[in-house]
Structures are given as structure tokens and as C-alpha cells.
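Everything on this sheet refers to the single structure shown next.
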Amino acid sequence: MHRTYENEDITVFWDSEKCRHAKRCVTGCPQVFDINRKPWIDISRASNADIWQTIEKCPTKALTCAFNHGIRVVYDEKDARSLAYDGDRIIGECDYEEKDGAWTIYHTEVHPDYGNKGIAKRLVFKLVEEAERRKMKVIPVCSYAVKVLE
Ligand code: SF4
């Protein structure tokens, strides 16, 4: 399971397949990471600095984090993609094709001016979350999606 948790400044990524339940997150910032709550992560309950410090202690990288840099990421169901916006301008996208109960992610691209900001990861996670909610299998084909997911 892949999930993102966003506020205005940061996006937290959680990949359950990498979680080995060392619980460093739960002990490091219990108000945010609470396995008895649904959803178990609530990033409104602590400062970004406290959340970031706790995530850095996750031994398996099941939890990771990126600054948003003012970039908004949305799911565009009509055109089978996720999009990243800087204001009104599209600066990145991740595309998939639906076939036989699976979403094949075949393309991820971010404008070169916006590289190394975690935007491609946010785009891929946005699609994977949507696919998982719809009980769709995800087949990563583009190299970036493969790197994020495998
Ligand atoms: S610290 Fe990382 S590996 Fe440990 S429970 Fe939290 S998310 Fe899972």
C-alpha cells in the first residue's frame, strides 16, 4: 500500500511493503504516527521539523518526505494521468493506460527546471494511491516509476 499525506509545505510518503514495524516513527512522534488511529498518519499534529526528523530515523525508508516547493499534484481521471502545477502552469505529468484490471504507468516527466524536488515521486504515488483505492494492479514500465516502486 502506498499513501501520501500532504500539508502546504511537505508531502510524506508511506510504502507499507517497506515497513518492518521498527516503530521508530511511533515512538519518535506519537501524535503524528499512531497505529491505533485511521488514518494512522496525521501530519497536522506536529511541526514539519519534528515530522521530518522522525522520518529520517525510519530504518527501511518506508517513510520518506519531500518539500512541496509550492507545487500542487492532482489526479486527472479524464486523461488517465497525474499532473503537477506551478500556479496555472503544468510542469510535470505521469501517465497510465488501463487494461485488464491494471494501470500500466508508461511515462513520467518533470520540466528540467523543477528537477530533484520530489515531484516525480509525488506524481507516481498519486497514481498508485488512486489505483489501489480502485483495487487496480499497478504495472510500472517507465524507468522512474520502476525505481520508485520496486
Ligand atoms: S519507523 Fe519506518 S519501518 Fe518502523 S514502523 Fe515506522 S514506517 Fe515502519
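Not measured: the values here are computed from a predicted model. Atoms within a ligand are numbered from 1 in the order they appear, just like the ligands themselves. In this chain, numbering begins with 1 at the start of the sequence shown.
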Which of the atoms of ligand 1 are close to [X], meaning less than 4.0 Å from one of its heavy atoms?
| X | value |
| --- | --- |
| T60 | 3 (S) |
| A22 | 4 (Fe), 5 (S) |
| C19 | 3 (S), 5 (S), 7 (S), 8 (Fe) |

Using a strict threshold of under 4.0 Å (side-chain N to carboxylate O), is an ion pair present between [Y] and [X]?
| X | Y | answer |
| --- | --- | --- |
| R45 | D42 | yes |
| E56 | K61 | no |
| K126 | E6 | yes |

**Report entry** Nearest neighbour of atom 7 (S) of ligand 1 from the list I41, T27, L63, on a heavy-atom basis
**Finding:** L63
Query - Closest non-hydrogen atom pair between C25 and F33, with its separation - result: O-CD1, 3.5 Å
Measure the distance from [atom] to every protein heavy atom, then report the residue, atom name and distance (to 0.1 Å) of the closest one.
| atom | value |
| --- | --- |
| atom 2 (Fe) of ligand 1 | C58 SG, 2.4 Å |
| atom 1 (S) of ligand 1 | C25 N, 3.4 Å |
| atom 5 (S) of ligand 1 | K23 N, 3.2 Å |

Query raised in the report: Of T108, D95, T104, which meets side chain to side chain contact (heavy atoms under 4.5 Å, CB included) against C142?
Result: T108
Report task. State whether F67 and K117 meet the cation-pi test: NZ (Lys) or CZ (Arg) under 6.0 Å from the six-membered ring centroid, and within 45° of the perpendicular axis. Result -> no
**Report entry** Proximity to ligand 1 by part of W14, non-hydrogen separation under 4.0 Å
**Finding:** side chain
